Every structure is written in structure tokens, then in C-alpha cells.
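Please read the structure below before turning to the comments.
This is a predicted model, so every value here is computed, not measured. Heavy-atom basis, side chains included; hydrogens, waters and symmetry copies ignored.
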Protein chains: 2
Amino acid sequence: MEREIFREFLYKKGLKLTKERQRILDEVFAFHGHFDPEGLLKSMRSRNIKVSKASIYRTLPLLVESGLVEQVEKNDKHAHYEHTFGHEHHDHLICLKCGAVIEVFSPKLEAIQDELCRESNFKGRTHTLEIKGYCCNCKETR
Amino acid sequence: MEREIFREFLYKKGLKLTKERQRILDEVFAFHGHFDPEGLLKSMRSRNIKVSKASIYRTLPLLVESGLVEQVEKNDKHAHYEHTFGHEHHDHLICLKCGAVIEVFSPKLEAIQDELCRESNFKGRTHTLEIKGYCCNCKETR
DNA sequence: ATGGGTGCAAATTGTTTGCAACTTA
DNA sequence: TAAGTTGCAAACAATTTGCACCCAT
């Protein structure tokens, strides 16, 4: 399914669905969770999937633009992504001590965001909410 | 006031309130809005305020840790900050077309975030909500 | 066949660091 | 005066790019 979406997206932009782009897409959707470009590369290399670092860096923005992938957690020095298609939207609680990422979702939150957009006459597309603090394991031991 | 807070913060950590740190603090609080390290440096240089790039990069994390400044808008390749002391907390609507940043605030939103933290037994410290989309001027013309 | 795409390695860019000289508490 | 701090320039790390060859359409 995500293949179709990506193919369509590329087609509309006059871009080509190359083997490499396919492979990257597949890899991104092969597992659930966050990833970064370097990790993606390593993961693919370890499975003998031929792809260059440059192609990964060139493909990720396309995946984001197509709406299949989102950039999240931009705190670290390198970019983190997660695929969103076929996933419920969710937000993140990030532990400042151990780095744990807890996914949360609240319909009320979504509703309020819509409200905020309406009030500002703003057409919301995507959003990111990150709450940083201490997870249940770390909050005692500070 | 922010000077006192910073001084106190540094004191507790056994750090010193140097001229450079003062100057950076003053500059950060001299105007309202977002900034990045490079811009801060240029702004200071243009007013003949003596400071090195290294000091800026070394001081900003201290300002963040002290709670006087927050890191926001982590989409771009470089870090963006804004001072928060003496400011209401707010979130951001970011226009994907013209780059406009609209500040919004909703008490309901804050309340729900607290609720989310409680549900996950998480001790929230700070949070960032960014909604990306199109502002009132750009949403028509797409 | 044509225009986009790839891999590589070199280039860029934002940020960090080692070090000698200097300040602050 | 002891411990932290500065500025500089060199070092880093993540990402981007130029180019010659390659491959979807």
C-alpha cells in the first residue's frame, strides 16, 4: 500500500521509482519504531541490501514530503524519523535521563489543536508534541 | 531579574558569572523572538559586543538548563532558541510556505498535557508543540 | 534516448574541543 | 590563587553536492 502511495507521489513530481527508493521505503516500513539515517544504512548494509548513504539522505525528504514518514525528536544532533502510514498518530514523552520514548495519544489533544488552528485561521498539516521530563523509572532516582 | 536567576543558577553549579555570559544573557533578553547561535553572534558583533562563537555555543546550554531559555523549532538544520522567562509559555504554528511563526496558547492544552503525563507516570518538565501547515496568507495560494 | 538517479568522495555546515592565556570568586 | 573561562583554530559529525556512469520511463 505504501508502495502505491509513494509511486503515485513520485509520478506526480516527475520522479522515478528506482530500486534504491523502493528498498529504502521497504526498510523504513519493515519495522516499527524510530530510526535515523545512519541506522537505516547500517541495517540495510547488514542485510546486504545495496544502497548508498547519499541515496538515503536523498530519499528521506521525499518520504517525508509524501506524508509516509515523519521527522520526530529533533533534539539529538541527528535527525530521527518514524513511518506514519498505517500507524495511529501519537505524541512523545521523552525521558531526559534514560532517553526512553513513550508514545501517547489523546483525542482531546487533537481536538484542541484543531481548535487552535481554527482560531488562527491556520491550515494545520502535521504536528509534533514532545514532552520532556523523567520517566517512571528515572523520576525517583534523580 | 533574569540576571539574578542566572547568577543563582551558576552559583549552585559552582560556575562563574563572567562578562561574556552576562553579555550573552543580556542580548538574549534584549529582544523578543526566536534566534539562532549564529544570528546572536552577528547581532552582538554588529554592536561591537565582544564575544566568541565558542562562548555562545557554551553558554546557550546553560541558559536552557537554567530554564531561562528554551530550544524551539528544531526543523531547520541549526538550533533555534527563544527566551522564556517573563513570557507566557506558548506553542507554535509554523507556516510551511512563508516560514511565519505564530505563537498560540491554550490552557486546555496544558491541562491535557498534564493529564497525559500523569497517565504515563511521567514527570513532565518542558514541552514543545509545533503545528506545521499554512498560515492565513498562504493557505489560499497553494 | 533522455532526463532523472546512483555511488563515491570531496565539500559544507553547524557545533564541539584542546590549549595557552586570562578572570572570577 | 585555584578553578573555571575565554578565544582561536583545528577537529568533528551530520548532511549535501559535483560528477561520471547508470537505469527507469
What is the distance, rounded to the nearest whole Å, between atom OH of B:Y81 and atom C1' of C:dT15? 9 Å

Tell me the interatomic distance from A:I24, atom CD1, to C:dG5, atom C1', rounded to whole angstroms. 11 Å

Under 4.0 Å between a side-chain N or O of B:K19 and OP1 or OP2 of C:dT24? yes

Assign each of B:L17 and B:P37 to its nearest nucleotide of DNA chain C by heavy atoms, then name whichever residue's nucleotide is nearer the 5' end. B:P37

Phosphate-side-chain proximity, A:S55 and C:dG5, N/O vs OP1/OP2 below 4.0 Å: no

Report the nucleotide, chosen from C:dT6, D:dG4, D:dT6, that has the shortest atom-to-atom distance to any side-chain atom of A:E20. C:dT6

So for A:R58 and C:dG4, does any side-chain atom that can act as donor or acceptor lie under 3.5 Å from a complementary atom in the base? no

May I ask you to list the residues of residues 46-54 of chain B, by number, that have any heavy atom positioned under 4.0 Å from an atom of DNA chain D? B:K50, B:V51, B:S52, B:A54

Partner residues of A:F35 under the ring pair (Phe, Tyr, Trp, His ring centres under 6.0 Å) criterion, sequence neighbours left out: A:Y81

How far apart are the closest heavy atoms of A:I24 and A:S55, and which atoms are they? CD1-O, 3.7 Å

Would you classify A:R21 as touching base, sugar-phosphate or nothing, given that sugar-phosphate means primed atoms plus P, OP1 and OP2, and contacts are heavy atoms under 4.0 Å? sugar-phosphate

Nearest-neighbour nucleotide for the B:K16 side chain, D:dT15, C:dT24, C:dG4 considered: C:dT24

Between the CG atom in B:L41 and the CD1 atom in B:I49, the distance rounded to the nearest 0.5 Å is 10.5 Å

Ion pair present between A:E20 and A:R58, side-chain N to carboxylate O less than 4.0 angstrom? no

Indicate the ring-plane relationship of A:H32 and A:H83, choosing parallel, tilted or perpendicular according to the 30° and 60° boundaries. perpendicular

Whole angstrom value for the distance that separates C1' of D:dT15 from NE2 of B:H78: 15 Å

Using side-chain hydrogen bond (donor to acceptor under 3.5 Å, both in side chains) as the criterion, point out the one residue from A:H80, A:H34, A:E130 that pairs with A:H92. A:H34

Whole angstrom value for the distance that separates P of C:dT15 from CG of B:L60: 9 Å

Return the angle between end axes of the helix from C:dA1-D:dT25 to C:dA25-D:dT1, with five pairs used per end and rounding to 10°. 50°

So, taking the atom named CZ in A:F29 and the one named CE in A:M1, what distance separates them when rounded to the nearest 0.5 Å? 10.5 Å

Between A:E82 and A:H90, do the side chains contain an N or O donor and an N or O acceptor separated by less than 3.5 Å? yes

Check whether any side-chain nitrogen or oxygen of A:Y57 sits under 4.0 Å from OP1 or OP2 of D:dT15, and answer yes or no. yes

To the nearest Å, give me how far apart NE2 (A:H80) and P (D:dT15) are. 9 Å

Whole angstroms only, please: what is the CG-P distance between A:L41 and D:dA13? 16 Å

Would you kindly compare B:G14 and B:R45 by the position of their nearest DNA chain D nucleotide and give the one closer to the 5′ end? B:G14

Between A:K13 (NZ) and D:dA24 (C1'), how many Å, whole number? 18 Å

Whole-Å distance separating the CD atom of B:Q71 from the P atom of C:dG14: 15 Å

Please determine, for the side chain of B:T18, which listed nucleotide (D:dT15, C:dT24, D:dT25) has the closest atom? C:dT24

Between the side chains of A:S106 and B:E115, is a donor N or O closer than 3.5 angstrom to an acceptor N or O? no

Hey, are the side chains of A:K123 and A:C117 touching, using non-hydrogen atoms and a 4.5 Å cut-off? no

